[in-house]
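Below, chain A is the first sequence line, B the second, and so on; all start at residue 1. Side-chain atoms are counted along with the backbone in the values below, which use heavy atoms only and exclude waters and symmetry mates.
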Amino acid sequence: MATRYDPQTAEQKWRDAWDQAELFKAKSPKEAGDAPKAYVLEMFPYPSGRLHMGHVRNYAMGDVVARHRRANGYNVLHPMGWDAFGMPAENAAMEKKVHPGKWTYQNIAAMKAQFAKLGLSLDWSREFATCDPEYYGAQQALFLKMLAKGLVYRKASKVNWDPVDNTVLANEQVIDGRGWRSGALVEQRELTQWFFRITQYAEDLLEEVQKLERWPEKVRTMQANWIGRSEGLQMRFEWDSAAPAGFDDGIEIFTTRPDTLFGASFIALSPDHPLTIQLARDSNHLQLFRAKCAQVGTSEEAIEKAEKLGFDTGLTVKHPFVDGKTLPVWVANFVLMGYGTGAIFGCPAHDQRDIDFARKFDLDVTPVVLPPDGDATSFTVKNEAYTGPGSIFNSDFLNGLSIVDAKRTAIERIEAMGLGAGTVNYRLRDWGVSRQRYWGCPIPVIHCDSCGVVPVPLDQLPVRLPEDVTFDQPGNPLDRHPTWKHVDCPACGKPARRETDTLDTFADSSWYYARFASATDMEERAYWLPVDQYVGGVEHAVLHLLYARFFARAMRDVGELDLPSGEPFAGLFTQGMVTHETYKSASGQWLEPSAVTQDGDTWIETATGGIVTPGPIEKMSKSKKNTVDPDAIIAQFGADVARWFVLSDSPPERDVEWTQSGVEGAARFAQRLWSVFDALADTAKAEPGTDADSLAVRKASHKAVAGIDKAIEEFRFNSAVASIHEWVTALKKAEAAGEAVTGARLEGASMLARCLTPFMPHLAETCWERIGGEGFVSAAPWPVVDKALTEDDSVTMAVQINGKRRGEITVPKGEANDIVEAAAHALPEVISFIEGKSVKKTIVVPGRIVNIVVA
RNA sequence: GCGGGCGUGGCGGAAUUGGUAGACGCAAGGGACUUAAAAUCCCUCGGCCGUAUGGUCAUGCCGGUUCGAGUCCGGCCGCCCGCACCA
């Protein structure tokens, strides 16, 4: 009598059993012996308190890899923890009057319970949260080591300041010039901030990222662009007019086009350039101009692009190569202080921004690059700069040179004149990490009026966050805490103050992978790192992954990590999002999927019967209400079905659309899978037969395993799922073939259970048990493929005439070409087709195709 | 503007990387079983012509290379992502 599979009882049972057996605990290097190691890591979650489908997909993928590696004999480390510092906890504290720590640990407990239901093969013995004092204490020690090594420093810098929340905002937290939370106009403020010296590794970070072959090309490109290396010349223009105080040597500029120096017609300073600021002190006009520049927001690129603003300072500088030639010094809104030196020379003929500026303010335009087909006497530039290839002209000693040669020659000349040198510039800037927040890692230094910045002695770490804090007013609770910041200077003993800024939470996630490997043991860290397979969202392509690469280098250089390459993640996979159709009610409100019903081609609101408009398919989000709660899905269908569904249809790197019918299909398939094993439950053990039917079944099984194996290795889980579907169909068909194939079916079922384990581990265990498998299938080795069974002795080849398929022949594998050719020519459809025509040649591609070419 | 990616049935997507296009799934339609439903099973399912064997068109569009192109090359069109006045 056929039975049905009940996920609710089975899933709980197996999870308990796995826990008891400590099945997923990583072995120490010693215990592992000769087994190769595999460190499989998914980006750890922020403990929001609710699991969402994006988590399910992310962790299901990592689990497939981890379980597959384990079955293939690897010593697997697959840990989990919590990225637990951050603003949501402080927001909750303000809104719900609950301490951020309490709120966070409650969320962790709730989320861990949800995680448990997914049946992930995680080693929870290494769990930590970044807000654990042990973790952030270790991070503080690391910070101090980096400080001693010069990798951390303090400097004054401009920041986005929210005047209502009294805090610094990250660039991405500023939306249309306003704070994302308070809605207040963000101010630019000069504050002394802590910085990580990430630019020290700019060259290395750029070079090494190109070598990470198991990273997506897209991410590597994004990182390279972010680092933004450019080669050029940094030089100074000496004064023609009297030098302003403090700028005696001239103006430093950076250019990537020293070949166009003879086309220079002006110098432009950033509105934030120190000289601009100095000049503005004595000039109301310039002050007003600077204010006007500041008004143009950081967003709305289109508006920003439209208008070039300029202010003539009246100062002039000398052209380095042309005696007596001078250039006016302007202030221009399009020159950025944050790149290069904050000053440029303008060559309007060959730079679009410069030509826009020159035309507006009526400045000289002298072309110096002649296009390959251009005529030196007639070539002019109107309103469009020429940025293409060509040779240099109108340029004295550079005339006739290629752009490349002219760049080199110009740099050499400037260097000889002592005015500058060829340099490399990076877009990447040092990482500002000071945050005026409570719920983050305290920066472990003390400010003393006598001694300056004094590190907190190591034996006093961790610098703990105080518990008794209030969130009833804006600003940093650490700063207004009555006692916390008042301490004696560790150096001189006089009263001093703690640093009240905390670290950017990106710091916490920049080294957690090393902590998972071992809290303290450098050898264990060296054993596990780098992470063999990292899995996470592409939204972290730049920031998190760049910061983590920086930290790995910094840890290496302060002796915290034995990792010569400095690369923490050898393999990276970025998975797509989970999307869902959106629904809007007649009154324009977003509706949850559970609140609507499909009625033929139309949708109605279940409660009211109102007409519902289905909207675009978008990433699941609370604001659009197009979310599906994993808990509800697990309660209805089981975790295996949820896992199966998010891996089944779409390629892992692309988005997957969650649909009700799709998940129902997955549930149907789970029952179908079960029936394969259920039908074999009471069958006596039997060896596979050698008859044709048995052989066909065995071939289906062995081919399927080979395909699934390859698909998993290549991160094509959807293909693995398709293979399993086909395999199951073959095994179901074989049920009708009688006693003779029972042995082959049993062999297939045993292999199938093991292949199923990475995807539907609970169902796989139940199936394994049903056919009398030994121990846990989660601990069973991957099935061994008999190569002989994956190859057929005969092959069907298409027969084409002039590239069009006209028939097919089946020939023994490896048959000689002339025999294959003869067989093709003997086909009735071929004979009738080529009758009366002359055969020019016949192409035989062994094992694939025969193509007969006729006139 | 710069950089990267992608266009295949009603839908998500396969296609051993130049060799039988549409695997597998979803949806749809038809049928079996059933008093009925659920569940399950079977069949059909790119367009056009044809009762059918079959023919023909077809992988965004145009062209090229090749015995052979979804795949390679050139040019368009469209969509997505990242960066964006980076000198």
(request) Would you mind calling B:G70 syn or anti? Take O4'-C1'-N9-C4 for purines or O4'-C1'-N1-C2 for pyrimidines, and syn is within 90° of 0. (result) anti
(message) With rounding to the closest Å, how many angstrom separate the C1' atoms on B:G74 and B:C67?
(response) 23 Å
(request) Please state whether the base of B:C85 and the side chain of A:Lys308 form at least one donor-acceptor pair under 3.5 Å? (result) yes
(request) Would you classify A:Asp351 as touching base, sugar-phosphate or nothing, given that sugar-phosphate means primed atoms plus P, OP1 and OP2, and contacts are heavy atoms under 4.0 Å? (result) nothing
(request) Considering only atom P, compute the distance from B:G22 to B:A32 and round it to an integer number of Å. (result) 31 Å
(message) Counting only side-chain heavy atoms from C-beta out, which of B:A23, B:G19, B:G4 sits nearest to A:Thr221?
(response) B:G4
(request) Determine the interatomic distance between P on B:A15 and the same-named atom on B:G25; round to the nearest Å. (result) 16 Å
(message) Below the 4.0 Å mark, does B:A15 have OP1 or OP2 next to a side-chain nitrogen or oxygen of A:Arg716?
(response) yes
(message) Return whichever of A:Asn718 or A:Met337 has its heavy-atom-nearest nucleotide of RNA chain B closer to the 5' end.
(response) A:Asn718
(request) For A:Gly338 and for A:Pro651, find the nucleotide of RNA chain B with the closest heavy atom, then tell me which residue's nucleotide is more 5'. (result) A:Pro651
(message) Suppose you measure atom P in B:C62 against the same atom in B:A87; what distance do you get, rounded to whole Å?
(response) 40 Å
(request) Look at the side chain of A:Ile849 and decide which nucleotide, out of B:C26, B:C85, B:G19, has an atom nearest to it. (result) B:G19
(message) Counting only heavy atoms not in A:Glu714 (residues, nucleotides, ligands), do more than 12 fall under 6.0 Å from its CD?
(response) yes
(message) Categorize A:Asp354 for me: base, sugar-phosphate, or nothing, with a 4.0 angstrom heavy-atom threshold over every strand shown.
(response) nothing
(request) Mind running ring pair (Phe, Tyr, Trp, His ring centres under 6.0 Å) on A:Phe321 and A:Phe262 for me, showing each step along the way? (result) CA-CA 8 Å; A:Phe321 297 151; A:Phe262 282 96; 5.3 Å; yes
(message) We want to know whether A:Trp330 and A:Thr313 form a side-chain donor-acceptor pair, criterion being a heavy-atom distance below 3.5 angstrom.
(response) no
(message) Within a 6.0 Å radius of atom CZ on A:Arg214, are there more than 12 heavy atoms belonging to other residues, nucleotides or ligands?
(response) yes
(message) Taking the minimum atom-to-atom distance to the side chain of A:Tyr339, which one of B:A87, B:C26, B:C67 wins?
(response) B:A87
(request) Check the distance between B:A87's P and A:Lys407's NZ and give it to me in whole angstrom. (result) 10 Å
(request) Looking at every strand, decide which applies to A:Gly665 at a 4.0 Å heavy-atom threshold: base, sugar-phosphate, or nothing. (result) sugar-phosphate
(request) Return the value, rounded to whole Å, for the distance between atom CD1 of A:Ile801 and atom C1' of B:G19. (result) 16 Å
(message) Quick check on ring pair (Phe, Tyr, Trp, His ring centres under 6.0 Å): which of A:Trp644, A:Tyr5, A:Phe645 does A:Phe669 satisfy it with?
(response) A:Trp644
(message) Base, sugar-phosphate or nothing for A:Val853? Non-hydrogen atoms, less than 4.0 Å.
(response) sugar-phosphate
(request) Would you kindly give the CG-to-P distance between A:Asn802 and B:C67, to the nearest whole Å? (result) 11 Å
(request) Would you kindly give the CZ-to-C1' distance between A:Phe334 and B:C85, to the nearest whole Å? (result) 7 Å
(request) Consider the side chain of A:Asn851, meaning its heavy atoms from C-beta on, and name the nucleotide among B:A87, B:C67, B:U20 that approaches it most closely. (result) B:C67
(message) Please report the distance, rounded to the nearest Å, between CZ in A:Arg668 and C1' in B:C26.
(response) 9 Å
(request) For A:Asp356 and B:A87, give me the distance from atom CG to atom P, rounded to whole Å. (result) 16 Å
(request) Run the ring-centre check on A:Trp431 versus A:Tyr547 and record whether the distance is less than 6.0 Å. (result) yes
(message) Let's see if you can work this out: which of B:A87, B:C26, B:G19 has an atom nearest to the side-chain heavy atoms of A:Ile843?
(response) B:G19
(message) Classify A:Ser650 by what it touches in the nucleic acid, base, sugar-phosphate, or nothing, heavy-atom distance under 4.0 Å.
(response) sugar-phosphate
(message) Is the positively charged end of A:Arg427 above the ring of A:Trp226, judged by distance under 6.0 angstrom from the centroid and angle within 45° of the axis?
(response) yes
(request) Pick the C1' atom in B:U16 and in B:C26, then give their distance to the nearest Å. (result) 26 Å
(message) Taking B:G9 as the reference, what is the distance to B:G4 when you measure between their C1' atoms (whole Å, please)?
(response) 29 Å
(message) Using a 4.0 Å heavy-atom cut-off, does A:Val656 contact any base of the nucleic acid, only the sugar-phosphate backbone, or nothing at all?
(response) nothing
(request) Measure from NZ on A:Lys703 to P on B:U16 and round the result to the nearest Å. (result) 16 Å
(request) Check every strand shown and say whether A:Arg429 touches a base, only sugar-phosphate, or nothing at a heavy-atom separation below 4.0 Å. (result) nothing
(message) Please classify the nucleic acid contact of A:Thr796 as base, sugar-phosphate, or nothing, using heavy-atom distances under 4.0 Å.
(response) base
(request) State, with a plain yes or no, whether a side-chain heavy atom of A:Trp674 is found less than 4.5 Å away from one of A:Thr3. (result) yes
(message) In whole Å, measure the gap between the C1' atoms of B:C6 and B:G19 for me.
(response) 25 Å
(message) Using a 4.0 Å heavy-atom cut-off, does A:Arg806 contact any base of the nucleic acid, only the sugar-phosphate backbone, or nothing at all?
(response) sugar-phosphate
(message) Once you apply a heavy-atom cut-off of 4.0 Å, does A:Glu657 come out as touching a base, just sugar-phosphate, or nothing?
(response) nothing
(request) Give a yes or no on this: more than 12 heavy atoms of other residues, nucleotides or ligands lie within 6.0 Å of atom NZ of A:Lys360. (result) yes
(request) Check whether any side-chain nitrogen or oxygen of A:Arg427 sits under 4.0 Å from OP1 or OP2 of B:A87, and answer yes or no. (result) no
(message) Pairing donors with acceptors under 3.5 angstrom, does anything connect the side chains of A:Gln223 and A:Arg549?
(response) yes
(request) Identify whether the glycosidic angle of B:U17 places it syn (within 90° of 0) or anti. (result) syn
(request) For A:Phe254 and B:A87, give me the distance from atom CZ to atom C1', rounded to whole Å. (result) 8 Å
(request) Using the criterion of both pairing distances under 3.5 Å for Watson-Crick and G-U wobble pairs, give all stems of 3 or more consecutive pairs involving RNA chain B. (result) B:1-7 with B:77-83, B:10-12 with B:24-26, B:28-32 with B:40-44, B:46-49 with B:54-57, B:60-64 with B:72-76
(request) Look at A:Arg654 and B:G13 and indicate whether a side-chain polar atom (N or O) is within less than 4.0 Å of OP1 or OP2. (result) yes
(message) With rounding to the closest Å, how many angstrom separate the C1' atoms on B:C42 and B:C48?
(response) 29 Å
(request) Quick one: label A:Lys804 by what it contacts on the DNA or RNA (base, sugar-phosphate, nothing), any heavy atom closer than 4.0 Å. (result) sugar-phosphate
(request) Please tell me if the side chains of A:Met235 and A:Pro320 come closer than 4.5 Å, counting only heavy atoms from C-beta onward. (result) yes
(message) Taking only side-chain N and O atoms of A:Asn425, does any of them lie within less than 4.0 angstrom of OP1 or OP2 on B:C86?
(response) no
